[in-house]
Amino acid sequence: MEHLGSLILVAVGAALINNFVLHYFVGICPFIGVSRRLDTAFGMGCAVTFVISIAALLSWTFTYYVLRPGAPLTSAILGKDVDLSILNYIVYIFVIASSVQLVEMYVRKFFPSLYKSFGVYLPLITTNCAILFACLEIMKHVSGANPSEIWGLDKALVLAVFGGVGFTLAIVIMAGIRQELDLCDVPESLRGAGITLIVAGILAMAFMGFTGVDRNLKDAFSKNLNVPATPISSATGQPKELTYNVRQK
Amino acid sequence: MKYLQQAWLVLALALLFGASLAGVYVALADKIQANKLDETLRQIPALVEGASNGQATEVAGRTVYRALDAEGKQVGWVVPASGQGFADTIELLIGLDCQAGNIKGLYVLSQKETPGLGSKVTESRFLQGFAGKSTDSPLSVTKAASPGAGEILAVTGATVSSESVTQIVNKNITQLRSELASAAQLRP
Amino acid sequence: MPTEGPTPLERFVRGILPENPVYRQLLGMCPTLAVTNGVAQALTMSGAVLFVLFCANIITSLIRGLLKPHLRILVFTLTIATFVTIADRILAAYVYSMSKELGPYIPLIIVNCIIICRCEVCASKQGPLTAGADAIGQSIGFALALLSLSIVRELLGTGALLTGTALELRVLPTNWPNWVVMVLPPGAFITLGLLLGLANWAASRLASLKNRPA
């Protein structure tokens, strides 16, 4: 139950609270470039989610078994603990490039019309910061973490898939807004990227409202915290302050 | 054969870059490791009075630091602790006396709380409230102007962040006291 | 080999304002938004990008005769990834706290469109001198873009520049109510959008002034 709870936390965190586009600023280039129409935006979101999952799977496997300090495969082959983490970034970018090639071949064979409508954007997913960012987050929790806190494959995949879902969510919302913006009188110099960024700022403000959701979810999921409740005593005896503190004590 | 001819450039580059990366690794690995350790050790003199450096030890699977004075005698403990804050994980260093009975000081290593509000938990105004508090019973957070013996004054407008820091301190000290007692490490 | 295309000096000058990577080419938006919450972070990122772009351009230019068409992206990527790893390690060794703050955005230089674009457009076609000048020009342009954004954000968000370093410069009075939103994501997006609009307006005014009959 607690493990499922931590998976849900990672999922909600990646999709909503720390949205890849609106909080971590990764994947901005397609976010601005491909968000003009709803169907292309949704297609791009799905493609990115697909590629991110494959890339996360492969990069977690490489990091866990080969690259991190004390990795099982390298110690087995070389006989002692070696730290190959300096090759991390090179391995990740090659994994990503191969994943994109794989997805491109798959889409060309099974969805030829979709392939044609994507055009040049499909190979461009290689330079999408969001995918490398997902790999880097996984690296942070596998390579640089204490042995008791290393992320398993399930958490890594959940982070990647729901990061992609969050990206799709943001890009689809933006596409919907931009389709309406086309009918508005936007000043000449702000047309295109300018107004998209300003709207993205307002979207980011809206998504900031999700901060703190994972904190209460975590409390709900973890049983037996083993910590005596810390009561908050208020000298004024007022019923409620205007903060987000709505937990029951 | 044609592919090998075309690939020889990539292979040669891979070898060249691999060699330069190995060189960079050898040259800088120690420095980076020292930086990571230094982050914690640098705070020890401020956290436990009389301490000039620290020594890492393992207690029940976690790394804690003995605070040592100039002669090498232990004058306290420094414990890294982390837990959920309002927005994301907060990492702390807790300074304790030798018996882990009193908190000597607190330092926030990293936090991602709301800038200007929750981030004020890093300020000494808030952290000073922990100095001298006993660890016999859990601490609580209050908004009254003069906090009592087991109470910490919260940061205005950042109740949840203040409460999170207090909870992290409580949880880790409870854990540490039992671990130290069972490992018979507590000394008078 | 005769020099085709722009001269080194032209490449250098173009990269600063006319072909500014952020404001004119709309490349490299990810670090522009992410690391501009402080001037110190912006300068460190610009320095890292300068190092990587310069080295990658020089190496690519030196081997440009040997590049086969379908292998060139692979070679660019390998080169850039290597230099980014080196830059990341150097930062972790010498400015550890800044490296921790910049976090994942240094390795994200690998997929920064600016560098791959310059390798593709300039370094793979022209000699090392031109490629080097292009790299320096584009990096200065990138640094200018980052500085413009980070000065606005840090000034309005904290009232001082270079906070946390030894060179902290208090510009606004201490009772300035910090516009906290500026150092948060929404402020980044909105500020960049407005500055982009400003840059577009300035460029179109300049173009119309040039085209006005004498």
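Numbers restart at 1 for each chain; the letters A, B, ... are given by sequence-line order, proteins then strands.
Of the two parts of A:Ile198, the backbone and the side chain both hold a non-hydrogen atom closer than 4.5 Å to a non-hydrogen atom of chain C. Contacts between C:Leu198 and chain A at a heavy-atom distance below 4.5 Å are absent for every atom of the residue. When heavy atoms are compared at a cutoff of 4.5 Å, A:Ala200 approaches chain C by way of both its backbone and its side chain. Heavy atoms of A:Ile90 lying under 4.5 Å from chain C belong to its backbone as well as its side chain. Of the atoms belonging to C:Ala199, not a single heavy atom falls under 4.5 Å from chain A. Both the backbone and the side chain of C:Leu108 come within contact range of chain A, with heavy atoms under 4.5 Å apart.
Panel note: side chain A:Trp60, backbone A:Met139; no donor-acceptor pair is recorded below 3.5 Å.
A:Ile52 and A:Ala134 get closest at one heavy-atom pair: CD1-CB, 4.2 Å. Looking at every heavy atom in both residues, A:Ile96 comes nearest to A:Ala55 through CG1-CB, 4.1 Å. The heavy-atom pair separating C:Gly197 from A:Leu190 by the smallest distance is CA-CD2, 3.7 Å.
Counted within 6.0 Å of CZ on A:Phe62, heavy atoms from surrounding residues, nucleotides or ligands total 12 or fewer; the atom is thus considered open.
Most heavy-atom pairs under 4.5 Å with chain C: of the set A:Gly194, A:Gly192, A:Pro187, A:Ala97, this distinction falls to A:Gly194. Across A:Leu124, A:Leu132, A:Ile131, the residue that shares the most heavy-atom pairs under 4.5 angstrom with chain C is A:Leu132. Note on A:Ala206, A:Cys129, A:Cys29, A:Gly27: by heavy-atom pairs under 4.5 Å with chain C, the leading option is A:Cys129. Interface remark: of the candidates C:Pro107, C:Pro104, C:Ala81, C:Pro107 forms the most heavy-atom pairs closer than 4.5 Å to chain A.
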Taking atom types as modelled, which donor-acceptor pairs link chain A and chain C at under 3.5 angstrom?
| unit_1 | atom_1 | unit_2 | atom_2 | d |
| --- | --- | --- | --- | --- |
| A:Tyr24 | O | C:Tyr105 | OH | 2.6 |
| A:Tyr89 | OH | C:Asp88 | OD2 | 2.8 |
| A:Ser189 | O | C:Asn200 | ND2 | 2.9 |

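Taking the six-membered ring where the residue is Trp, A:Tyr106 and A:Phe50 present perpendicular rings, their angle passing 60° and hence far from 30°.
For residues 168-216 of chain A, the ring pair (Phe, Tyr, Trp, His ring centres under 6.0 Å) pairs, not counting sequence neighbours, are A:Phe207-A:Phe210.
The CG atom of A:Leu22 sits 10.5 Å away from the CZ atom of A:Phe167 when rounded to the nearest 0.5 Å. A:Ile28 CD1 to C:Leu33 CG: the interatomic distance, rounded to the nearest 0.5 Å, is 5.0 Å.
Proximity of the aromatic rings of C:Phe189 and A:Phe25 is defined here by a centroid distance below 6.0 angstrom, and this criterion is met.
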Stepwise side chain to side chain contact (heavy atoms under 4.5 Å, CB included) test for C:Ile151 and C:Val39: CA-CA 6 Å; C:Ile151 287 179; C:Val39 174; 4.0 Å; yes

